[in-house]
Participant: 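This is the structure I want to talk about, given as structure tokens.
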Amino acid sequence: MEKIASFTVNHLALLPGIYVSRKDKVGDQVLTTFDLRMTAPNREPVINTAEIHTLEHLGATFLRNHPDWKEKVIYFGPMGCRTGFYLILAGDYESKDVVSLVQEMFYFMANFEGDVPGASPRDCGNYLDMNLPLAKIVARRYLDHTLNHLTEENLNYPA
Ligand SMILES: [Zn+2]
């Protein structure tokens, strides 16, 4: 079988950032998949499952309530390697187009107070696997170390 496009990115040179992972055409519509990379792959610790699960619930809630973007959100979920998330939007976008959306989302996560949305046995398949305090620290770190200091290197995959 052929190696899929996301496995051809050189993960040893990949920095935390916001990348366009791929674009797909479905009928006349383009879908853009973003790679929201939170840690340097194979060089920094990955995100624990409880934290990434909490961020997933918070991020999905944020995106699907966003007045400007909610109609375009197709999917948001964690990478299996636990170094970041995929975000799929309806439309043909570049990384720069979603910088403020992603900053706003991680600001929401980093400052969230109260009960994690959907963290109940009826609403989630593993509702006890949550850690809001550490999730907030992880979100804050991505903001402070990456999202608030984005350069071209954090917006375009390494050659
Ligand atoms: Zn869940």
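Atoms within a ligand are numbered from 1 in the order they appear, just like the ligands themselves. Atoms considered below: every heavy atom in the structure, side chains included; atoms not considered: hydrogens, waters and symmetry mates. Just so it is clear, the structure is predicted and the values come from calculations on it, not from any experiment.
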Participant: What are the protein N/O/S atoms, named by residue and atom, that sit under 2.8 Å from the Zn ion (ligand 1)?
Facilitator: His53 NE2, His57 NE2, Cys124 SG

Participant: Is the shortest side-chain N to carboxylate O distance from Lys136 to Glu113 below 4.0 Å?
Facilitator: yes

Participant: Tell me whether Arg37 is salt-bridged to Glu44, with the criterion being a basic N under 4.0 Å from an acidic carboxylate O.
Facilitator: no

Participant: Ile18 and Ser95: which non-hydrogen atoms are nearest, and at how many Å?
Facilitator: O-OG, 3.0 Å

Participant: Using distance only, find each side-chain donor-acceptor pair of residues 55-62 under 3.5 Å and give its atom names and separation, not counting sequence neighbours.
Facilitator:
from: His57; atom 1: ND1; to: Pro117; atom 2: O; distance (Å): 2.7
from: His57; atom 1: NE2; to: His53; atom 2: NE2; distance (Å): 3.0
from: Thr61; atom 1: OG1; to: His57; atom 2: O; distance (Å): 2.7

Participant: By the ring pair (Phe, Tyr, Trp, His ring centres under 6.0 Å) test, which pairs, at least two apart or in different chains, include something from residues 117-148?
Facilitator: Phe106-Tyr142

Participant: So, using side chain to side chain donor-acceptor pair (under 3.5 Å) as the criterion, who are the partners of Tyr19 when residues are at least two apart?
Facilitator: none

